[in-house]
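Beneath this line is the structure, given in structure tokens, with notes to follow.
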2 protein chains.
Amino acid sequence: MDQALSIAEFAEAFGVTPRTLRFYEQKGILKPVRRGRTRLYSERDKIRLKLTLRGKRLGFSLNECINIINMYDSSPAAENLQLLHLCRKIREHRVQLISKMKDIEETLSAMDSVEEQCLAQLLEDSSVDKPESAVK
Amino acid sequence: MDQALSIAEFAEAFGVTPRTLRFYEQKGILKPVRRGRTRLYSERDKIRLKLTLRGKRLGFSLNECINIINMYDSSPAAENLQLLHLCRKIREHRVQLISKMKDIEETLSAMDSVEEQCLAQLLEDSSVDKPESAVK
DNA sequence: GATATAGTTGACGTTAACGTTAATTAAGTG
DNA sequence: CACTTAATTAACGTTAACGTCAACTATATC
């Protein structure tokens, strides 16, 4: 199931190009094992790429994505002080995400009202275009 | 209340630079009135800038933001066919936004569990570091 | 053993979204 | 009216995030 994938397969599976994967590797996001010089992508790479792409969809830069990922990665068995630091970063990130959710909610409700007006206008137009149905 | 603002005031009010405002103008997002050559920003510019910045926070490109804004702007008294087109664009955009919301929700719940593990670890550590409280 | 197929490493190119600087101008102030 | 202050245009610079291309290599197949 989680056998290592070649770069083309891995890229295909996530809708990105091989070039993107090499670029992410150089950025430290991915660390595929090598068979000879050829890259082989593992389950861990899969998770990290997933997190990266999700971050990007939400408007975070690659560097921000890296921070987010490292946040998740540093969890198991860390020093006490680092755990506290992690907790603080989590709270900060949560604030950002919740703020983005509010942006989305506002946009959605604005869109709802535009759609409503739009539909109302269409109804009005149709009753004007076909006067018989309005007269009868 | 909604008197026209100079470029510096307007920029300051939104946390952007004058250069950004001129750039957005050239992109067709803003259309400040001129007193002489000096730009004066109106309520309409305010709304359009707000929408633009919100779009950017959600990871949309400037061109996508322009499309979104034009969507809102084309609503009053459009042709029937265009109204239908608008409705479709609204539905498409809604899909994108809801998808982004799911991304956020997933991230939030993942963060919750990381935080939980983090706190559990901290508790465990503290009961090991202070054996008296565990013994007593 | 020639050749087709993937993959690799540079290295330069490109686009979006502004930053920065210079040269000019208009408006207010002592 | 000399001078400061804020604004303007024009033009080149910059950074992130890849795209593109060339030259090379390893493997498999006929």
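Only heavy atoms go into these numbers, but all of them, side chains included; no hydrogens, no water, no symmetry mates. Residue numbers begin at 1 in each chain, while the letters A, B, ... track the order of the sequences.
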Donor-acceptor list for residues 109-116 of chain B side chains, cut-off 3.5 Å, not counting sequence neighbours:
unit_1: B:Ser109; atom_1: OG; unit_2: B:Glu106; atom_2: O; d: 3.2
unit_1: B:Asp112; atom_1: OD1; unit_2: A:Arg94; atom_2: NH1; d: 2.4
unit_1: B:Ser113; atom_1: OG; unit_2: B:Ala110; atom_2: O; d: 3.0
unit_1: B:Glu115; atom_1: OE1; unit_2: A:Arg94; atom_2: NH2; d: 2.7
unit_1: B:Glu115; atom_1: OE2; unit_2: A:Arg94; atom_2: NH2; d: 3.2

query: For the atom pair CG (A:Leu58) and CE (A:Met101), what is the distance rounded to the nearest 0.5 Å?
result: 11.0 Å
Cationic tip of A:Lys100 above A:Phe60 ring, under 6.0 Å, 45° of axis: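 Yes, A:Lys100 lies over the aromatic ring of A:Phe60.
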query: With a 3.5 Å cut-off and no angle check, do the side chains of A:Arg54 and B:Thr107 form a donor-acceptor pair?
result: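 Side-chain D/A pair, A:Arg54 to B:Thr107: present.
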Same apolar cluster (I L V M F W Y, side chains within < 4.5 Å links), B:Leu21/B:Leu40: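 Per the 4.5 Å side-chain linkage, B:Leu21 and B:Leu40 are not co-clustered.
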query: Transitively linked via ILVMFWY side-chain contacts under 4.5 Å: B:Leu51 with B:Phe23?
result: yes
- request: Shoot me the first and last contacting nucleotide of DNA chain D against chain B, ordered 5' to 3', at under 4.0 angstrom to non-hydrogen atoms.
  value: D:dA7 to D:dA11
- request: Quick one, give me the B/S/- string for nucleotides 3-10 of chain C, reading 5' to 3', where B means a protein heavy atom under 4.0 Å from the base and S means that only happens at the primed atoms, P, OP1 or OP2.
  value: ----SBB-
query: Is there a side-chain contact (heavy atoms from CB on, under 4.5 Å) between B:Arg91 and B:Cys87 once you walk through the steps?
result: CA-CA 6 Å; B:Arg91 283 198 304 274; B:Cys87 277; 4.1 Å; yes
